[in-house]
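Take a look at the structure below.
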Amino acid sequence: MKKKLIAGNWKMNGSLAGNETLVKGLLAGLGSPACHVALCVPSIYLAQMQALLNGSAIDVGAQDVSPHEVGAYTGEISGAMLNEFGTRYVLVGHSERRQYHFETDALVASKAQRALACGITPIVCVGETLAEREAGKTEEVVKRQLAAVIHTNGHCISEIVVAYEPVWAIGTGKTASVEQAQQVHAVLRAQLKAATPQADRIHILYGGSMNAANAAQLLAQPDIDGGLVGGASLKAADFLSIIASAL
Ligand code: 13P
């Protein structure tokens, strides 16, 4: 069985001093984890993370990447720049970027493509809003979001990570039930299987109010290969406990 992946998404949280305390706390309690571990941090802290995490069992991740290679794109950060700071993963299409920055499925797909071209693993986030779930559109929405990435990336699709994050479960303390989560993960796995013979090696993470109390149950589901953790990744003890339950 493949090792699970637990990725923290710090979102727009952190400070030089606070990051150092958090990372030192994580490294002190980490030991040799049974899973892969990553921290997706604000880009301005990538250099700090590269220094703090160098040689450790925690990989560095970013939260966004430009779809462009280089040039006149003020405010953007390229895949090549992320590479210079040892970035192993990058989130693309997080619901907060889809919502607040109007990112379309096509843009998310081209960001994933740029990451792959730079040798960085895109963590492609998909998920339905509460209104979409209540309208019975969950499958349609997540399949449409993933289809765009599959269409643009062809056979490279086996190199991505997918994160299912129901928007209504993010930061709300409302987790999807294990049945709800597993059901959507199975749908995504089937879609990936239709696209590549290597779908079983693709990590499909669950995200949305994952915490120390509910992680083990979610991670025990057959198609849940890890977690994308927001709030609980900002506290060393909570994040370590999630990591310890990813067997
Ligand atoms: P929370 O764990 O805070 O709900 O955030 C989930 C998330 O959006 C991770 O990307």
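Numbering of ligands and ligand atoms starts at 1, following listing order. In this chain, residues are counted from 1 in sequence order.
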task = Would you check if Pro67 and Glu76 make a side-chain contact, meaning some heavy-atom pair closer than 4.5 Å?
result = yes

key: Ligand-side contact atoms (ligand 1) for residue partner Gly231, heavy atom cut-off under 4.0 Å   = 1 (P), 2 (O), 3 (O)

query = Any idea which atoms of ligand 1 are less than 4.0 Å away from a heavy-atom of Gly208?
reply = 4 (O), 6 (C)

query = Considering only heavy atoms, does Ala169 approach ligand 1 within less than 4.0 Å through its side chain, its backbone, both, or neither?
reply = backbone

inquiry  = A side-chain contact here means heavy atoms from C-beta on lying under 4.5 Å apart; do Leu46 and Ile77 qualify?
reply    = no

ask   = Among Gly230, Ser233, Gly173, Gly171, which residue places a heavy atom closest to atom 4 (O) of ligand 1?
value = Gly171

ask   = Is any NZ, NE, NH1 or NH2 atom of the basic residue among Asp223 and Arg189 found under 4.0 Å from an Asp or Glu carboxylate oxygen of the other?
value = yes

query = In the protein, which heavy atom is nearest to atom 5 (O) of ligand 1, and how far is it?
reply = Lys11 NZ, 3.3 Å

query = What is the minimum heavy-atom distance between Leu146 and Val126, and which atoms define it?
reply = N-CG1, 4.1 Å

task = Do me a favour and list the nearest non-hydrogen protein atom to atom 9 (C) of ligand 1 with residue, atom name and distance?
result = Glu165 OE2, 2.8 Å

key: Residue-ligand contact Ala232/ligand 1, heavy atom below 4.0 Å   = no

query = With a 4.0 Å cut-off on heavy atoms, does Gly207 reach ligand 1?
reply = no

Those atoms of ligand 1 less than 4.0 Å from some heavy atom in Leu228 = 9 (C), 10 (O)

message = With a 4.0 Å cut-off on N to O distance, would you call Arg98 and Asp105 a salt bridge?
response = yes

query = Looking at residues at least two apart in the chain, or sitting in another chain, which of them share a salt bridge (Lys or Arg N to Asp or Glu O under 4.0 Å) with Lys24?
reply = Glu20

message = I need the contact type for Ile170 against ligand 1. Using non-hydrogen atoms and a strict under-4.0 Å cut-off, is it side chain, backbone, both or neither?
response = both

request  = Find all atoms of ligand 1 within a distance of less than 4.0 Å from any non-hydrogen atom belonging to Ser209, and give their numbers and elements.
outcome  = 1 (P), 2 (O), 4 (O)

key: Partners meeting side chain to side chain contact (heavy atoms under 4.5 Å, CB included) with Leu22 (sequence neighbours left out)   = Trp10, Leu26, Ala236

request  = Find out whether Val161 and Leu5 are in side-chain contact, i.e. whether some heavy atom of one side chain is under 4.5 Å from a heavy atom of the other.
outcome  = yes

